[in-house]
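In what follows, a single structure is set out as C-alpha cells and then discussed.
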Amino acid sequence: MGFRSVKSLLVATFSIFLISVSFQGFAQNNEDGEAKTEEKFDPTTVILNHVQDGYSFHFFTIGDFHASIPLPVILYSPQKGLSIFSSSRFGHEGELTYEGYKMENNKIVAVDEGVKVYDFSMTRNVVQMLLVLTLFIILMINIGKRYKKGIGVTSAPTGVQNLLEPVIIFIRDEVAKVNLGSRWERYMPYLLTLFFFILVNALFGMIPGVANVAGNIAFTLILGVIALIVILASTTTHFWKHLFWPPGVPFLVKLILVPVELAGVFIIKPGALIIRLFANMIAGHIVILAFISLIFIFGEMSTVAGYSFSPFSVLFIVFDYFIEILVAFIQAFIFTVLTAIFIGQGFEGSDHDLHPGTHDGML
Amino acid sequence: MELLNPNLGLIAWTTVAFLITLWILGKYAWKPIVSGLEKREQNIADSIQAAEKVKQEMAALKSENEELLAKARDERAQMLREAKETRDKIIAEAKEQARQETNKIVSDAQAVINQQKMAAITELKNNVGKLVIEVSEKVLRRELASKEAQEQFIHELTSEVKLN
Amino acid sequence: MSLLTLLVEVGFSHLGGAIGAGLAAIGAGIGIGQIGKGAVEGIARQPEASNEIRANMILAAALVEGVALFAVIAGLLAVLKTA
C-alpha cells in the first residue's frame, strides 16, 4: 500500500514538473548576439554551471527555446524588507533587473551599492532536497506504521521493509553498537537520519538534469556542523580533562599537544567530514561532465572525431555511474561511522563498564 | 571559488530540512522501527530459548520414560515369576491334595472291601454252616435207607453243592 | 591552438592545478594499490574471511580516495582562480 502511494506521488510530481516547464522561451535578447557566431565550447563553465546551485531547473536550450522551471526567489535585506518573486523575472540569462535586484555571476545582488541582501531563495538544490526528503519521509512513515502494526515484529517483514531493514540493522550493529557501547539507542535516530539524509540526496542527485545536492559545500557544511554539535553535546568532563591535561605527557609536549587536540576536535574532524563528503560527491559529477565535454571538445576539432569518441565516453560514463552509486553508499556510511566514532570518543572512559570501540581518530 | 563558498539560503534550508527530517523520522519512523526490530529479535531469542528448554524437557521426559519402562519391565518379570511360583505351588498343592484324597479313597475302599469281604465271609460261613446243617440233616434223615442210596444221595448233594 | 599558446593563455595556476591533480592521483593510486594488495593477500591466506576483508578494503579505499579528492579540490580551486 505504502509503496503504491509513493509511486503515484512520484508520477504526480513528475507530471507537475513537465507541465510547469516554461514554454515562454522566446524572449529576444540577442541585440549583441549577432556578433558572436559559433560560440566556443567552454567545458569549465558548463561543468561549473551543472554542479553549482541555480535559481531554476534548466534542462536544455534549443535556439531561443529554454526548457526550464523557474523557482521562487526569497530575498531579505534590512533596507527593503522581504521580497518574494519568481526567478523568471531575471530572464533566462539573468540579464534583467527586478525590484532593484540583479543577477551577477549566478548570484543575486542589489543594484544599489551598499544594500545588504540575505538570499533565502528556493534554489534548485533546496527544492530538490525538500522534494526528495518529503518522498523519503512518507516512505519511512509508512514503514514505521507497519512496524507499529506488528508486521515485521511478530511476522515476517514485507515489501520495502526488506529493502531498508538490513541497512538499519547494519547501522545499528556495525556503527552504533560498536562505537557507542551501551548508549547506542540514544544516538540511533540521529545516525539513521544522517545516513539516509546523505544517501537519498546523493542518489537522487545522480538523476541526469537535476541538482547535485550532496555535492554542495553548504549541504555538507551543515551536516558537519550538526555532527560537531552532537559530538560536543555528548562529551563528558573526563574527555575535557584528558584534552586539556593529558596524563603522562611532559609539560612542553603538552603545550604543543593541547592546541593540536583542540584544533582536531573543533576544526579538523568536522572539516575533514565536510570536505570529504563534498569532494566525493562533486568529483563523480565532474568526471561524468568532463567525459561528456570531451565529446564536444573532440567535436570542435572535427565532427568525425566527436562522433567516434562518443561511444567510449558513454561507456566511461556508465562505469562512473556505477562507481557513483557505490560511492553514495560508502560516503554516507563513512560520514555516519566517523561521526559515531567521534561521539564515542567523547564519552570514552567516562564510565568503565561500557567499551566503545578502540578506534584511533581516523580522519 | 564559487564552488567552496557556501550560500546562505542553502545553509538555512538544509538546517531546517535536516532538523525537521530528524524530528519527524525520529518520532514516526526510527522509534517504531528500532523498537520493533528489538522486539522481534527478543521474540526470536525467546523462541529459541523456549525451544531449547522444551528440548531439554523432552530429553528429561524421555529418560524418565525409559526409567519407567525399565521399571515396568522389571515389574512384569517379577509378576511373571511370582505367577509361575504361585502356579507351581497351586499345582503342587493340588497334587498333594489329590494324592491324599486318592489315598483316602483307596483306604476307604479297602476298608469297605474288607468289611464286605468280612461280611461275605461271615455270610459264606453262615451259609456253609447252614448247608452243612441241611446236608447233615438230610444225610441224617436218609442214613437208614440204604448204603447205596445213601452214597448216591451224598453224591447228589455234593454235586448240588458244587453247583452252588 | 598550439600547445605553446595554450600554455601562455592559461597560465601557471592551470599548470599547478593539473600537476596537483596528477600528484594526488599518484598518491591515491599507491594507497589504493597497497590496500588492494593487502586485501588480496589476506583473502588468499584466509578465503573464509573474504567478505569481511572486502568490506574493510572498500572502506579503507574510500578513505584514501577522500584524501586524494581533497587534493583534487585544491587543484580545481587553483585552476578556477583565474578562470
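First the proteins, then the strands, lettered A, B, ... as listed; each starts at 1.
- Applying a 4.5 Å heavy-atom cutoff, the residues of residues 31-69 of chain B that approach chain A are B:Pro32, B:Ile33, B:Val34, B:Gly36, B:Leu37, B:Glu38, B:Lys39, B:Arg40, B:Glu41, B:Asn43.
- Both the backbone and the side chain of A:Met140 come within less than 4.5 Å of a heavy atom in chain B.
- Looking at B:Ala17, both its backbone and its side chain come within 4.5 Å of chain A, counting heavy atoms on both sides.
- Aromatic ring centres of A:Phe136 and A:Phe196: separated by under 6.0 Å.
- For a residue to count as touching a neighbouring chain, one of its non-hydrogen atoms must lie under 4.5 Å from one of that chain's; by this rule A:Phe197 touches chain B with the side chain only.
- Chain B forms more heavy-atom pairs under 4.5 Å with one residue of A:Lys148, A:Gln161, A:Lys145, A:Arg172 than with any other, namely A:Arg172.
- Qualifying side-chain hydrogen bond (donor to acceptor under 3.5 Å, both in side chains) partners for B:Arg99, counting only residues two or more places apart in sequence or in other chains: B:Glu96.
- Between atom CG of residue A:Leu135 and atom CG of residue A:Leu130 there is a gap of 11.0 Å, rounded to the nearest 0.5 Å.
- Ring planes of A:Tyr190 and B:Phe18: perpendicular class, angle over 60° (limits at 30 and 60°).
- Of the two parts of B:Ile11, the backbone and the side chain both hold a non-hydrogen atom closer than 4.5 Å to a non-hydrogen atom of chain A.
- With a 4.5 Å cut-off on non-hydrogen atoms, A:Asp119 touches chain B through its backbone but not through its side chain.
- For a residue to count as touching a neighbouring chain, one of its non-hydrogen atoms must lie under 4.5 Å from one of that chain's; by this rule A:Ile137 touches chain B with backbone and side chain alike.
- With a threshold of 4.5 angstrom between heavy atoms, A:Leu192 approaches chain B through its backbone and through its side chain.
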Return all side-chain donor-acceptor pairs below 3.5 angstrom for residues 110-117 of chain B, not counting sequence neighbours, or 'none' if the list is empty.
none

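- Between A:Tyr187 and A:Ser234, the shortest heavy-atom distance links the atoms OH-CB, 2.6 Å.
- The parts of A:Leu194 that come within reach of chain B are both its backbone and its side chain, each placing non-hydrogen atoms under 4.5 angstrom from that chain.
- In this structure, the side-chain hydrogen bond (donor to acceptor under 3.5 Å, both in side chains) partners of A:Asn280, at least two apart in sequence or on a different chain, are A:Gln331.
- Sparse packing is recorded around OH of B:Tyr28, with 12 or fewer heavy atoms of other residues, nucleotides or ligands lying under 6.0 Å away.
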Worked verdict on A:Phe85 versus A:Leu75 for side chain to side chain contact (heavy atoms under 4.5 Å, CB included): CA-CA 9 Å; A:Phe85 52 90; A:Leu75 299 171; 3.9 Å; yes
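- Atoms CG and CG, from A:Leu277 and A:Leu221 in turn, are 11.5 Å apart once rounded to the nearest 0.5 Å.
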